[in-house]
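Worksheet: the structure to be examined is printed underneath.
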Amino acid sequence: MGGPTDGGQGGTEAPRVGAGVRRRRRARELTLAELARRTGLSAPFLSQVENDRARPSMRSLQLIADALDTTAVRLLAAADGPRTVDVVRADSAAVPEGGDEAGHDEGNGVAAGGGGSSDERGAGGQGRVRPLVRGRQQLHALEFTGRHDWQREFRHPHDELMYVVEGAVEAEAAGESYELGPGDTLYCSGGVTHRWRALTSGTRVLLVGVADDFPPR
């Protein structure tokens, strides 16, 4: 009897999203130039992403996802095949929040080596996002460590739960503001607009929810 799949990607290499981005772009009959105009990212950079020669930051991946009418979580999921049982190790691949693996952030001009203002770096410096569920599944789960982009708002069709493992978080949901500490949770029903940011260095947050493209009951 076969055992669970054990991920072989190390923590220094981000998930390979290129093939998924290319499939999605071609399905929408967009050229690289058109995708560049929609995202504000350069066509050469997008070409490198599609050929897995550049690793986009989470911020850049969200810009690409928005332009392709999908989500960053779906593009990350497309990097792996479906699994019925899967083990994700603690050093598994993570994605930088801002500033890609090639040493710059196309959307924000963050220089190699983590440059930018102290406000741009935010609590804990460069933030990272680690997918905890791989492949196209009914459930998505992400681990956020360090800085998280406060400006972007999210609204999902299904429910989502935030759990603060370490540090402190300021969150807004349905027009209300909350400060959360270790062990606190925030539950948002589908359709609720929300956003959050890390308040202290070393903040670690888990987000678990039903995949956006899972059909409602």
Side-chain angles (χ1 to χ4, degrees), residues 5-83 86-116 120-121 125-137 140-149 152 154 211-213:
T5 301
D6 192 352
Q9 288 179 310
T12 59
E13 183 181 355
R16 295 178 178 272
V17 299
V21 171
R22 185 187 300 110
R23 282 195 302 270
R24 191 84 183 182
R25 175 178 63 80
R26 289 177 174 174
R28 274 147 184 74
E29 300 181 341
L30 293 174
T31 65
L32 279 172
E34 288 169 333
L35 183 59
R37 283 195 294 272
R38 292 189 180 196
T39 60
L41 306 173
S42 72
F45 174 73
L46 291 170
S47 177
Q48 290 182 332
V49 168
E50 289 193 353
N51 289 285
D52 289 319
R53 292 197 297 267
R55 303 287 186 264
S57 68
M58 196 64 174
R59 183 180 295 123
S60 294
L61 194 60
Q62 285 168 340
L63 290 172
I64 295 169
D66 289 345
L68 297 176
D69 299 318
T70 186
T71 66
V73 171
R74 289 186 204 172
L75 292 177
L76 287 170
D80 292 284
R83 295 169 166 87
D86 189 24
V87 174
V88 177
R89 299 295 182 184
D91 66 345
S92 62
V95 179
E97 281 266 27
D100 58 56
E101 293 294 318
H104 65 283
D105 185 279
E106 280 282 332
N108 295 277
V110 178
E120 177 68 18
R121 290 193 299 271
Q126 177 65 57
R128 299 190 73 81
V129 186
R130 187 167 67 99
L132 303 180
V133 176
R134 298 182 294 189
R136 190 171 182 269
Q137 310 286 12
H140 74 252
L142 300 170
E143 177 191 63
F144 292 80
T145 304
R147 174 187 173 276
H148 180 73
D149 192 349
R152 186 177 178 90
F154 296 91
D212 286 358
D213 54 354

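If you read the sequence from its start, that first residue is 1, and numbering goes on from there. Only heavy atoms go into these numbers, but all of them, side chains included; no hydrogens, no water, no symmetry mates.
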Of all the heavy-atom pairs spanning Leu41 and Ala36, show the shortest one and how long it is. O-CB, 3.1 Å

Listing request: all salt bridge (charged side-chain N to carboxylate O under 4.0 Å, His left out) pairs with a residue in residues 33-49, at least two apart in sequence or in separate chains. none

Go through it in stages, so that I can follow the logic: the residues are Arg147 and Arg128, the test is side chain to side chain contact (heavy atoms under 4.5 Å, CB included), and I'd like the CA-CA distance, side-chain angles, deciding distance and then a yes or no. CA-CA 7 Å; Arg147 174 187 173 276; Arg128 299 190 73 81; over 6 Å; no

What pairs with Arg130 under side chain to side chain donor-acceptor pair (under 3.5 Å), at least two apart in sequence or on another chain? Ser92, Glu143

If you measure from CZ on Arg24 to OG1 on Thr70, what distance do you get to the nearest 0.5 Å? 4.0 Å

Please report the closest heavy-atom contact between Ala67 and Leu30, naming both atoms and the distance. O-CD1, 4.3 Å

Could you list the residues that satisfy side chain to side chain contact (heavy atoms under 4.5 Å, CB included) with Arg26, not counting sequence neighbours? Arg22

When you measure from the side chain of Gln137 to the backbone of Ala77, do you find a donor-acceptor pair of N or O atoms at a distance under 3.5 Å? no

Partner residues of Asp52 under the salt bridge (charged side-chain N to carboxylate O under 4.0 Å, His left out) criterion, sequence neighbours left out: none

Between the CD atom in Glu97 and the OG1 atom in Thr145, the distance rounded to the nearest 0.5 Å is 9.5 Å

Residues which pass side chain to side chain contact (heavy atoms under 4.5 Å, CB included) with Thr71, listed by chain and number, not counting sequence neighbours: Val73, Arg74, Asp212

Can you name the residues that form a side chain to side chain contact (heavy atoms under 4.5 Å, CB included) with Ala90, not counting sequence neighbours? none

